[in-house]
Amino acid sequence: MSEASTHMDAAQNPAEERELTDGFHLVIDALKLNGVETIYHVPGIPVTDLGRMAQAEGIRVISFRHEQNAGNAAAIAGYLTQKPGICLTVSAPGFLNGLTALANATTNCFPMILISGSSEREIVDLQQGDYEEMDQLAIAKPLCKAAFRVLHAADIGIAVARAIRAAVSGRPGGVYLDLPAKLFSQVMDAEKGAQSLVKVIDPAPAQIPAPSAIKRALDVLASAKRPLVILGKGAAYAQVDETIRQFIETSGVPFLQMSMAKGLLPDTHAQSAGAARSTVLKDADVVMLIGARLNWLLSHGKGKTWGDAPKKFIQIDIEPKEMDSNIEIVAPVVGDIGSCVSALLAGMGSNWAKPPADWMATVVAKRDENIAKMAPRLRNNNSPMDFHGALGALRTVVKERPDMILINEGANTLDLARGIIDMYQPRKRLDVGTWGVMGIGMGYAVAAAIETGKPVLAVEGDSAFGFSGMEVETICRYNLPVCIVIFNNSGIYRGTDVNSNGSDPATTVFVRDSRYDKMMEAFGGVGVNATSPDELLRAVNAAIDSGKPTLINAVIDPAAGTESGRIGNLNPQSVVKKK
Ligand SMILES: Cc1ncc(C[n+]2csc(CCOP(=O)(O)OP(=O)(O)O)c2C)c(N)n1
Ligand SMILES: [Mg+2]
């Protein structure tokens, strides 16, 4: 029990001293009881003391400059640890700033709890204009998996338990917990308070697939002439890496890894089809999705990307509603990834027939051809750099330091890094995820460093970085081993656009020759300006060896990028003739 206050209730019981606790301490005790070690936070009314007290009680409280970054940190902490990441904010504006991260966590199936203080209920509900008035619960509800409000201190324990369960069980996601200011100072008997706390038992229970579903899936897989497995970040989240490796290797099926699943098996694995993506998507006759959704990132399972060859889909997912979301799934397997893949592996037995050898041979030939074609571009030492030269250098660093965490956002900076930088270990690549959202960079970097203790390399487009750039101060303040590389091409996609009407700069360009490295120096970190791949390589290695917060301004040719990176086709086109 935390430092509960002592109180003399003289009127009723003059001789007896009753120990009291309050809302502040019950929240902290409930979180601690459930193993919460870190809170990502921005202080202010009514949660300043909650943050202070949590810190005093031994929870690590990381204080950010903006709630969206604290929220993103909590979300990725959830992804990395399978425990809900906790973000704590003030009411209305702080809550709204955190809400983007909560919605993003839910979209990406990361377990996270946004705890926000809120204003006086009676005034909020009568809309009488309280300080930071907002009906936060109603606003959060459609944007997350579950939302709860606590009005009585005695309910804090059960509310925290519900929030944890909602966040991590089934398909994980974001949960909102609304704590009105008045709750924090509500007192109750300390012993009763302790009894009201709930330690969540088995928060994410196994969900065992039906044997008939496993048999159906294996029958379809066995019938394939050109099978393909696609691993999504759900498979990486599950932390059953060895079972997945055994399944892939026993099956003999080539595999693709979605962006954040890269490294679940090494991208250099003999069965990896990563560099032959368009071939395998077009030509496969059976596709097994493991923790990957058929959303826009996989062209909804249809259209040009998937070619004309008829296909059957097997899907493994914890969420039953995912089945048939875009196209027919002939073999749905509903359950948690660990239980499902174990059951598949058991069902395959010891003499599973691998797919026809000519299929794997075709995939390998295409893959190796593409890799060979790319190789010379990655070795150029041009100055200013192009994306390939700069990424060739970073690819080498990651190869030599496979346990480092890579954070990646931007457009060209994202799409090209995803293709070029091989990953070797699970959950080492963290990026813009399902939404392709900018702004995750520094929040993810802080949490990745704190949750894993590993060095972090954040590869950021210059625009992408701007969304969370102020957190370089946070990185310096906590002295985190984070090396940020900014691909500075002076703009969004490119730095060469010209406004055809007037003297304002074009909408996609930034200040030329800007020096982001100076931002880092302002807070005591190391800043480097790198103009060639060799310089970049040296600077990144030095940063990681030193463990010091470092920002490298990598000068990229402003003309090097393409519109929207690899997804320019998603831009609507004007039908009106250009002036
Ligand atoms: C929150 C949010 N706002 C806006 C966008 C639109 N957007 C996509 S990529 C991008 C920035 C791309 O520029 P940069 O990060 O410099 O990458 P580059 O292509 O230049 O390497 C923007 C603003 C987004 N994805 N998310
Ligand atoms: Mg840019």
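Both ligands and their constituent atoms are indexed starting at 1 by order of listing. Numbering of residues begins at 1 and proceeds along the displayed sequence.
Within the listing of ligand 1, atoms 9 (S), 12 (C), 17 (O), 18 (P), 19 (O) sit less than 4.0 angstrom from a heavy atom of Ala411. Applying the 4.0 Å criterion to heavy atoms of Gly410 picks out, from ligand 1, the atoms 15 (O), 17 (O). Every atom of ligand 1 with a heavy atom of Ala464 under 4.0 Å away is listed here by number and element: 15 (O). Taking every non-hydrogen atom of Tyr493 and a distance limit under 4.0 Å, the qualifying atoms of ligand 1 come out as 13 (O), 18 (P), 19 (O), 20 (O).
Contact annotation: for Phe467 versus ligand 1, heavy atoms closer than 4.0 Å belong to the side chain alone. Residue Thr413 touches ligand 1 through backbone and side chain together, judged by heavy-atom distances below 4.0 Å.
Taking 4.0 Å as the cut-off, Gly495 does not count as a neighbour of ligand 1 on heavy-atom distance. The closest approach between any non-hydrogen atom of Phe387 and ligand 1 is below 4.0 Å. Contact annotation: Gly436 has at least one heavy atom less than 4.0 Å from an atom of ligand 1.
In terms of polar-atom proximity, Met438 is counted as a contact of ligand 1, with an N or O under 3.5 Å from an N or O of the ligand. Of the N or O atoms in Asn489, one or more lie within a sub-3.5 Å distance of an N or O in ligand 1.
For atom 6 (C) of ligand 1, the nearest protein heavy atom lies 4.0 Å away or farther.
Under a cut-off of 6.0 angstrom, the local environment of CG in Asp513 is sparse, with at most 12 non-hydrogen atoms contributed by other residues, nucleotides or ligands.
Heavy-atom proximity to atom 14 (P) of ligand 1, evaluated over Gly441, Ser463, Pro558, Gly466, is greatest for Ser463.
Considering just the N/O/S atoms of Asp462, the one nearest the Mg ion (ligand 2) carries the name OD1.
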